**Q** 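After the structure tokens below, expect a handful of questions from me.
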Amino acid sequence: MAARAAALVNVLDTSRPAGPGDTAAVAAVLTAYGEPAGALTAADVAGMRAAAVLLREVFAAGRTDAAAAVLNRLLREHTGPMRLTGHGGASPWHPHLDGDDEAPWDEWFLASSCMALTLLLWERQAPPGAVCASSACRDVFVSGSRGLERRYCSRRCATRERVAAHRRGRA
Ligand SMILES: [Zn+2]
């Protein structure tokens, strides 16, 4: 669920101009994580972009206590109380922080992401994620397990930065 949150924050990045392909791109990420997104609309995506801005703050917080403070604010101002649902028998019982099982996509996205990132911070006692350290990239990622700190979102960004540092060193 934390990986899904990061993937959605990245596909919903507000630094990129909104375009006609956005709804399909967001639906593709949702489908990849097993969420039926056939009825997703452009208005849903606009709402989800606003939620992604809020969630990005968790990844950008840097330190554990700062990430916890951001999550506490989101939990206080943007999510409902914790409840259990089995979606009328369609799935095993699991916790939700959104208002009800028919919550709109933006509410579901923010609440389920807050849940996942909160559990991860609790489990790891570390920030649940980070923003890529490459100046050419804004993507967020979920932190590795404890002791395996990553600075870049991907092998591609890590390699690009290593090559750039090598060139700077030789210049
Ligand atoms: Zn990156």
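Start at 1 and go down the list; that is how both ligands and their atoms are numbered. Numbering of residues begins at 1 and proceeds along the displayed sequence. Treat the numbers as computed from the prediction; the structure is a model and nothing was measured.
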**Q** Please answer whether the main-chain N or O of V140 pairs with a side-chain N or O of N10 as donor and acceptor at a distance below 3.5 Å.
**A**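 Present.
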
**Q** Applying side chain to side chain contact (heavy atoms under 4.5 Å, CB included), run through L12 and F109 and close with a yes or a no.
**A** CA-CA 11 Å; L12 292 158; F109 169 42; 3.6 Å; yes

**Q** Output the distance between atom CD (E161) and atom OH (Y152), rounded to the nearest 0.5 Å.
**A**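 Answer for the CD-OH pair, E161 versus Y152, is 4.5 Å.
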
**Q** Can you count the protein N, O or S atoms that lie less than 2.8 Å from the Zn ion (ligand 1)?
**A**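 Excluding waters, the total comes to 4.
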
**Q** How many angstroms lie between atom OG1 of T79 and atom CG of D98, to the nearest 0.5 angstrom?
**A**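 One finds 9.0 Å between OG1 of T79 and CG of D98.
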
**Q** Is E77 atom CD crowded by more than 12 heavy atoms from other residues, nucleotides or ligands, each under 6.0 Å away?
**A**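 Yes - once you tally the heavy atoms of other residues, nucleotides and ligands closer than 6.0 Å, there are more than 12.
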
**Q** From E107 CD over to L97 CG, what is the distance, rounded to the nearest 0.5 angstrom?
**A**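 E107 atom CD to L97 atom CG measures 10.5 Å (nearest 0.5 Å).
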
